Amino acid sequence: EAKGLGSGSIRLFNPEMQQTVSRRLHLETALRRAIEEQALELYMQPQVTHDGKVTGGELLLRWHDEEFGTVAPNEFIPVAESSGLIVPLGNWVIERACEVLQQWSQDPNLSQLRLAINISPRQFRQASFVDYIEASIARYQVPEGKLELELTENMLIDNLTMTIQRMSRLGGAGVRFSLDDFGTGYASLAYLKSLPIYQLKIDQSFVRDVLTDVNDAVIVETIVSLGESLGLEVIAEGVETAAQAESLVELGCTKFQGYYFGRPQPIDYWREQLSSSSGHIQG
Ligand code: C2E
Ligand code: MG
Ligand code: MG
Ligand code: MG
């Protein structure tokens, strides 16, 4: 901020900015150590059909640091992304997901479940990205169609040729793709038919006010019918109440994720719940 133009001094950093930069640097150091020590955790949030049948879950990183306390993914993922730490961190997530899928494939109550992981732009651009996933799938003998990657619209348009190549190779290895935060990015609808996408995730910003804002309801309905026309699954994220769920069902939604159906919990919590209830939870 160049506030002091008149006074003859231009301060590029005000104290607040200085503090932000300093927190970022310290977070980066702490995050690097946490990754080395495998101190981050993966939680899972179930994805369900309207009658409470769990089809799988999304894995979400959790980090509790001694110095910083609990740091939210919305704060540490950007730090990981800008520092490059997202590559070792993302690889750890990939490997953990494959390991869990291998374990679950042995249990008849869990073997149908899919696991979705979030992929960040820098990770997807890594030259070794596809190799790493293929190797992990092979090492853990992950069954076909069980590992799902959540990408965002903007990642697709970054380099279309590369994107198509990588998605096709991964699709051949049994990976499915889901478009996260759908409706908030810039990808043209043409990409939906030219790329091997399996599912659209309606962004939670459209779900939040679906009961009160007719524009949001129309957007949800439009995404649902877009999915139907193109043969894509559609899931609504951020569903917090029964009333939202009912409204979404009326708008044609068939799959849901949100606090109302289940919060992110340690993977083993959901493993125990699901393995003893043949894949259903209260909804
Ligand atoms: P996302 O992929 O869109 O994940 C959904 C977020 O919504 C999660 O936040 C989840 O905890 C939260 N959520 C779920 N249900 C509800 C609900 O009913 N109401 C509300 N208000 N929120 C709900 P979280 O875990 O804080 O993660 C935030 C973002 O951080 C994720 O957004 C994702 O973009 C990123 N992230 C998390 N884990 C990873 C990871 O392993 N790798 C990468 N690259 N990004 C990750
Ligand atoms: Mg996601
Ligand atoms: Mg999302
Ligand atoms: Mg998000």
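Note that ligands are numbered from 1 as they come in the structure, with each ligand's atoms numbered from 1 the same way. Note that the structure is predicted; figures quoted are calculated from it, not measured.
A salt bridge does not link E237 to K255: none of the charged side-chain nitrogens sits closer than 4.0 Å to a carboxylate oxygen. Under a 4.0 Å N-O distance rule, the pair E28/R32 qualifies as a salt bridge. Look at E41 and R62 and you find no salt bridge, because none of the NZ, NE, NH1 or NH2 atoms lies under 4.0 Å from a carboxylate O. Between R271 and D107, no side-chain nitrogen of the basic residue sits less than 4.0 Å from a carboxylate oxygen of the acidic one, so the salt-bridge criterion is not met. Of the charged side-chain nitrogens involved, at least one lies within less than 4.0 Å of a carboxylate oxygen, so that D158 and R125 count as a salt-bridged pair.
Applying the ring pair (Phe, Tyr, Trp, His ring centres under 6.0 Å) test to residues at least two apart or on different chains, the pairs with a partner in residues 22-63 are W63-F76.
For ligand 1, the atoms sitting less than 4.0 Å from at least one non-hydrogen atom of P264 are 11 (O), numbered in the order shown with element in parentheses. Using a 4.0 Å cut-off to heavy atoms of V239, the atoms of ligand 1 that qualify are 18 (O). When each atom of ligand 1 is checked for a heavy atom of Q45 under 4.0 Å away, the hits are 14 (C), 15 (N). Close approach of ligand 1 to D180 is summarised as follows: ligand atoms under 4.0 Å from at least one heavy atom of the residue are 1 (P), 2 (O), 3 (O). The ligand atoms of ligand 1 that sit less than 4.0 angstrom from a heavy atom of S120 are 44 (N). Close contacts between ligand 1 and N74 involve ligand atoms 28 (C), 29 (C), 30 (O) [criterion: under 4.0 Å to a heavy atom]. Short contacts between ligand 1 and R62, defined as distances under 4.0 Å to a heavy atom of the residue, involve ligand atoms 11 (O), 24 (P), 25 (O).
Using a 4.5 Å cut-off between side-chain heavy atoms of Ile, Leu, Val, Met, Phe, Trp and Tyr, with links allowed through other members, V100 and L274 fall into the same hydrophobic cluster. V214 and V210 fall into different hydrophobic clusters, defined by Ile, Leu, Val, Met, Phe, Trp and Tyr side-chain heavy atoms under 4.5 Å apart, directly or through other members.
Note on ligand 1: E58 sits in its first shell, one or more heavy atoms being nearer than 4.0 Å. Contact between E81 and ligand 1 is absent, with no heavy atom of the residue lying under 4.0 Å from the ligand.
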Query raised in the report: After noting the C-alpha distance and the side-chain angles of N91 and Q123, does the key distance pass the side chain to side chain donor-acceptor pair (under 3.5 Å) rule?
Result: CA-CA 9 Å; N91 284 346; Q123 225 184 325; 5.1 Å; no

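Counting heavy atoms closer than 4.0 Å to ligand 1, residue E237 contributes side-chain atoms (C-beta onward) but none from N, CA, C or O. For R263, no heavy-atom contact with ligand 1 is shorter than 4.0 Å.
The minimum distance between the Mg ion (ligand 2) and any N, O or S atom of E58 involves atom OE2. With respect to the Mg ion (ligand 3), E237 has OE2 as its nearest N, O or S atom. Taking the Mg ion (ligand 2) as reference, D180 places its N/O/S atom OD2 nearest. Within D181, the N, O or S atom at minimum distance from the Mg ion (ligand 3) carries the name OD1.
In this structure, of L42, L61, I77, the residue bringing a heavy atom nearest to atom 41 (O) of ligand 1 is L61. Proximity annotation for atom 30 (O) of ligand 1: of A116, P73, A97, P73 comes nearest, heavy atoms only. If you check each of T184, L89, N118, D181 against atom 44 (N) of ligand 1, the one with the closest non-hydrogen atom is N118.
Here's the thing with Y259: one of its N/O atoms is less than 3.5 angstrom from an N/O atom of ligand 1.
Atom CD of Q103 is surrounded by more than 12 heavy atoms from other residues, nucleotides or ligands within 6.0 Å.
Side-chain contact between L113 and K146: absent, with no pair of heavy atoms (C-beta onward) separated by less than 4.5 Å.
Look at D203 and the Mg ion (ligand 3): no N/O/S atom of the residue is under 2.8 Å from the metal. The Mg ion (ligand 3) lies at 2.8 Å or more from every N, O or S atom belonging to E150. The Mg ion (ligand 2) lies at 2.8 Å or more from every N, O or S atom belonging to S178.
With ring centers used as reference points, Y198 lies 6.0 Å or more from F177.
Judged by distance alone, the side chain of N159 and the main-chain N or O of M162 form a donor-acceptor pair under 3.5 Å.
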